[in-house]
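To keep things clear, I will list the structure first and then write my remarks on it.
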There are 2 protein chains.
Amino acid sequence: MMKLDHTDLKLINLLQNDAKQTNKKLSLNLNLSVTAVYERIKKLERNGIIKQYVALVDKKKVGLGFQVFCHIKLAQHTQKHIQLFENQISKLDEVVECFHVSGEYDYLLKVIVRNMEHFREFMTAKLTSIEHVGSTQSSFTITEVKNNTQVPV
Amino acid sequence: MMKLDHTDLKLINLLQNDAKQTNKKLSLNLNLSVTAVYERIKKLERNGIIKQYVALVDKKKVGLGFQVFCHIKLAQHTQKHIQLFENQISKLDEVVECFHVSGEYDYLLKVIVRNMEHFREFMTAKLTSIEHVGSTQSSFTITEVKNNTQVPV
DNA sequence: TATGAAAATATTCGTTC
DNA sequence: GAACGAATATTTTCATA
């Protein structure tokens, strides 16, 4: 486990907000040389603390304005069925997030689709065709109040 | 509304997976010149289709292994109370996502904290101190099965 | 950890289709 | 308007201290 000092945490935060700023700009913010910044970033990458650099896309502008949260109960809860369900659900592009959670339902999914038609298609053709899905309960997103990828380090 | 051809969509997908690959690498993938790739990216940025470039951090490696979904009901539902709630909730760093949703509850929150202690603190000191929060129901994450930032274009 | 040179990359520009 | 290659500017990378 890598130790992170205050500068590392600040660097992580800067990169969580803008991954494409130059090392020079970062160095000014952090009071370090460009090389020192470079070395710290490489170390964060090597240690897997920074997993990936991604571009964030405006969902609405690409016609994907419909977000749905699906609460799912499995019909059976053996290790085998859990494995099977998780494998199959992971393959669906529309499912952008899937968490095994405590409480009344077993899984919480975030599904991104174009519109209600598309969602209907997803439900009937894909979701309910996965074996051992018991009941599902869907919540439609009315407003996206906050949607950060940054983690509060 | 900008029209996106097949090359744009492919480019978006490549950048959603790796935002730091060089234009040269992209140009090889897309059968374009480096300049053409450059111009297309700038256009996507200008049109707000690409909103941001971010570094994704391994939550567990920075000690944030505890994810909780909070379902919240408001006590009152006037425009004013909704505004107030959304403003206050947005300010909390632990709340990384917040959606106004249909169904039994009004809001669905994703909260990232260090551990159960930290969550308790968050609940008592922050969440329930926000006015007009009626009831809350929390689901703890057992496993993160899938957690993509990519949108299925 | 810092400096600075070398290599790689991004950006601009003039031109063509 | 979109694409290209050549040129220029900027940034990353790495050897060395």
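To find a chain, count down the sequence lines: A is the first, B the second, and so on, and within it residues start at 1. Quick caveat: nothing in here was measured; it's all calculated off a predicted structure.
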What is the distance from [atom1] of [X] to [atom2] of [N], rounded to the nearest Å?
X	N	atom1	atom2	value
R46(A)	dT13(D)	CZ	P	12 Å
L28(B)	dC4(D)	CG	P	12 Å
L11(B)	dA3(D)	CG	P	11 Å
Y53(A)	dT9(C)	OH	P	16 Å
D8(B)	dA3(D)	CG	P	8 Å

Exercise. Between E39(A) and K24(A), who's closer to the 5' end of DNA chain D by nearest nucleotide?
Worked result: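 Going by which nucleotide is closer to the 5' end, it is K24(A).
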
So, is [X] close to the [N] phosphate, meaning a side-chain N or O under 4.0 Å from OP1 or OP2?
X	N	value
Y38(A)	dC14(D)	yes
N23(A)	dT12(D)	yes
K20(B)	dT12(D)	no

Proximal nucleotide (of [options]) relative to the [X] side chain:
X	options	answer
K43(B)	dA2(C), dA2(D), dC4(D)	dA2(D)
T35(B)	dT1(C), dA6(D), dT12(D)	dA6(D)
T22(A)	dT11(C), dT12(D), dA3(D)	dT12(D)

Problem set entry | N/O donor-acceptor pair under 3.5 Å between K20(B) side chain and Y53(A) backbone |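 No; judged by distance alone, with no hydrogens or angles, the pair does not exist.
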
Exercise. In Å, rounded to the nearest 0.5 Å, how long is the span from NE2 of H100(B) to CD of E144(A)?
Worked result: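 The NE2 atom of H100(B) sits 13.5 Å away from the CD atom of E144(A).
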
Exercise. Looking just at side-chain N and O atoms, do Y107(A) and E86(A) make a donor-acceptor pair shorter than 3.5 Å?
Worked result: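 Result is yes, a qualifying pair exists.
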
Exercise. Do Q52(A) and D18(B) have a side chain donor and acceptor closer than 3.5 Å?
Worked result: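 Result is no, nothing qualifies.
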
For this session: Name the nucleic acid region contacted by K42(A), choosing base, sugar-phosphate or nothing; use a 4.0 angstrom heavy-atom cut-off, strictly under.
Result: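 Counting heavy atoms under 4.0 Å across all strands, the contact made by K42(A) is with sugar-phosphate only.
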
